[in-house]
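Scroll down for the structure; my scribbles are underneath it.
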Amino acid sequence: MGVEDLGAARGDQWAGTDTGRLEAELFAEALALITIPYDRLVGLPERVERLARLAADHGFARIHALARLSEVNVLNRSRDIVTGVKITHEVLRWAAEVGDDLVTARAHALLATGLHRLGAWAESVRHAEAAVRLLDPSAPLQIQADHALILAMLTSCMPTSHVTTALFDRADELARRLGEPIMIVANLNNLAYARYEAGDIAGAAQAVAELRAVAASADLELNASVLDTVASVLLELGDADEAERLVERVLSGQAQLTDANAMATNLLTYAEIKRRAGELPAALEAAEEARRMGSSQPLPEIAAEAMRELAAVRAAMGDYRTAYRNMVRFQAEWEKVRTEQGEAAASVMKTLFEIEALRRDSLRYQELSERDPLTGLWNRRHLERRLPELLRAAGGRAEPVSIGLIDLDHFKQINDKYSHSAGDAVLRTVARILDQDTGPAVFAARLGGEEFLAVFLDSDERATLAACERLRRMIANHPWADQDVALPVTASVGVAVAVPGDTMSTLLRRADEHLYEAKRAGRNRVAGDTPAPRSPHLGDPYARRGG
């Protein structure tokens, strides 16, 4: 009797059945439920519930635990993360009591994906690493491949990471040994998306071509999430017609959904396709529908991203007032998402705002759209327009462009102890320091949350390090107690100097790596290729408090 037939059976009906054979069949079903979600969610909750019931009825504790973790997988993909985390912790306690490393590893994998969806990237990678480390070579290939795939995906999403192929190659090797084209395609999709997000369109296109070939050879229909990735890459390659055709398959219900946000993300991609084609009413309608979907499900990050797209569409229509209002709403809604999901959710945001170039007699609204409403500094929109221009203009100079990426240390503690209003006041004060005292900087910008950037021209690393060290000291030495903030306010800074061939993305990535070095070294310091001169009492003031 197959596993599908087992669903009709209950309790004592199986009293005379070969227990060993039944356990083997149920364990096989538990492994199948690991791979199926990569292809579809239809019917999955019922299969999971059936497996959990049968395993409980027959006393198969390990299978019951794996079934409950399959339920967590469904909850994660449905964005009910909180419920999933509660179940996972219950399973982890059981696994710890009986010493089951396989179930423990599986629980860590599901915690990793749940935390990632909440925006807690660093913590998600820690659990993903544990999910791989706890498996021995005898573990089922389905679990080995899945955990390797999760680790590759989450590591590539870390703000300080480069998209390297080693982890993806390992996941690909295991998926091919398993002979599971669904997982091969899922891994290639994650690689394509990681490269796309990093600006490596050629690399993303290569991964897309390979995944389409795998799917074709296996007669596998691509699910909605994969089609969205493929369409996004094709759009960047100039094949808007094919990108639109693929997205329309999803919107017409011809593709399987594997995540609660898949339909909404395809709507946003469709809106971008239509906006770029100049079909603005269709773009507006799609973005509005994505916003409604994000608000009703709820998918708060989708609702916020929809506001960004609506702003871009309104700007393309010439309605700059509405575009600016949408930009402000986008920033407010995203800040709400970040607060609700935790401090780590700030790193989820890849871009703050993109609006079509505001031209002709719209200069006032262009500046408004490029200003951060809270601090008055330039925002990422301005940075994305100006920094590439500076890099191109300074391409032939010996000392072209350098940047200082500035992040306030332990900023969440200020919000938690003194309120978000006090935190906003600190951000405004830091902005004034940056705006008035960046010395040779061309401009300063707020990237989002507590992260700022200073851009320098014709400033070598030594001069940039010195300027950023001066800024660090001014922030640390400011009389914050006058603003009723008794906690120390300090900043860590990562410095990077442009070299030939640098893009905005590569320059920011190096500065982010140095920022991470400064954080690891104790915070309240400046890091670059050459260390900044150490100041007296340099270090993390919270460390002395045990925090």
Side-chain angles (χ1 to χ4, degrees), residues 119-123 158-160 304 330-353 371-383 403-435 437-438 443-455 468 471-478 480 483-495 508 511-527 540-543 547:
W121 289 0
E123 189 70 7
M158 287 290 288
T160 57
F330 163 67
Q331 288 190 324
E333 289 190 20
W334 188 258
E335 287 294 325
K336 181 180 177 182
V337 170
R338 186 181 67 85
T339 301
E340 290 173 349
Q341 293 183 338
E343 187 179 24
S347 61
V348 172
M349 188 162 60
K350 303 291 190 302
T351 58
L352 287 175
F353 186 61
R371 288 288 183 184
D372 172 55
L374 176 65
T375 65
L377 289 180
W378 296 113
N379 61 19
R380 192 176 187 112
R381 157 76 176 145
H382 182 81
L383 176 70
I403 59 175
L405 186 58
I406 303 149
D407 188 84
L408 300 185
D409 301 321
H410 301 295
F411 184 72
K412 185 175 184 296
Q413 295 190 26
I414 295 171
N415 280 335
D416 289 347
K417 185 169 183 177
Y418 297 103
S419 80
H420 283 275
S421 296
D424 288 349
V426 169
L427 292 174
R428 286 191 290 268
T429 300
V430 170
R432 285 197 297 272
I433 293 172
L434 292 174
D435 203 29
D437 297 293
T438 46
F443 68 89
R446 183 188 178 206
L447 301 188
E450 61 270 21
E451 193 171 57
F452 302 85
L453 188 81
V455 180
C468 289
L471 286 171
R472 183 201 65 75
R473 289 197 305 269
M474 294 185 71
I475 293 170
N477 294 334
H478 184 81
W480 297 106
Q483 295 179 226
D484 296 323
V485 175
L487 288 174
V489 178
T490 63
S492 299
V493 188
V495 169
L508 284 172
D512 198 47
E513 290 169 352
H514 289 311
L515 173 62
Y516 185 61
E517 291 172 9
K519 295 282 189 183
R520 285 191 305 176
R523 296 181 173 82
N524 191 23
R525 64 191 66 218
V526 179
D540 184 353
Y542 289 86

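Between Gly423 and Asn415, the shortest heavy-atom distance links the atoms CA-OD1, 3.3 Å. In this structure, Cys468 and Val495 approach most closely via the heavy-atom pair SG-CG2, 3.9 Å. Residues Ile406 and Ala491 come closest through the heavy atom pair CG2-CB, 3.9 Å. A pairwise comparison of heavy atoms in Thr490 and Ala476 identifies CG2-CB, 4.3 Å as the closest pair.
Each of Val493, Leu383, Leu453 was scored for a side-chain contact (heavy atoms from CB on, under 4.5 Å) with Ile403, with one residue passing: Leu453. Of the candidates Asp409, Asn524, Asp407, Ser492 forms a side chain to side chain donor-acceptor pair (under 3.5 Å) with just one, namely Asp409.
Taken from CG in Leu405 to CD in Glu513, the straight-line distance is 11.5 Å, to the nearest 0.5 Å. In this structure, Phe452 CZ and Asp435 CG are separated by 11.0 Å, a value rounded to the nearest 0.5 Å. To the nearest 0.5 Å, the span separating CG on Leu487 from NZ on Lys417 amounts to 4.5 Å. Of the inter-residue distances, the one linking Trp480 atom CH2 with Ile475 atom CD1 reads 7.0 Å to the nearest 0.5 angstrom.
A heavy-atom distance below 4.5 Å is not found between the side chains of Ile414 and Glu450. Residues Val430 and Thr375 fail the side-chain proximity criterion, which asks for heavy atoms closer than 4.5 Å. Here the side chains of Val426 and Tyr418 are not in contact, with every heavy-atom distance at 4.5 Å or above. Side-chain contact between Ile433 and His478: present, with at least one pair of heavy atoms (C-beta onward) separated by less than 4.5 Å.
Under the side-chain hydrogen bond (donor to acceptor under 3.5 Å, both in side chains) criterion, His514 pairs with Glu517, Asp529, not counting sequence neighbours. Shown here are the side-chain hydrogen bond (donor to acceptor under 3.5 Å, both in side chains) partners of Glu451, two or more places apart in sequence or in another chain: there are none. Checked against side-chain hydrogen bond (donor to acceptor under 3.5 Å, both in side chains), Thr429 has the following partners two or more places apart in sequence or in another chain: Arg432, Gln483. Under the side-chain hydrogen bond (donor to acceptor under 3.5 Å, both in side chains) criterion, Asp416 pairs with Lys412, not counting sequence neighbours.
Listed for the Arg473 side chain is no donor-acceptor partner under 3.5 Å among the backbone atoms of Leu471. In terms of modelled atom types and a separation under 3.5 Å, the side chain of Asp512 and the main chain of Leu515 share no donor-acceptor contact.
Under the 6.0 Å distance and 45° angle rule, Arg371 counts as a cation-pi partner of Trp378.
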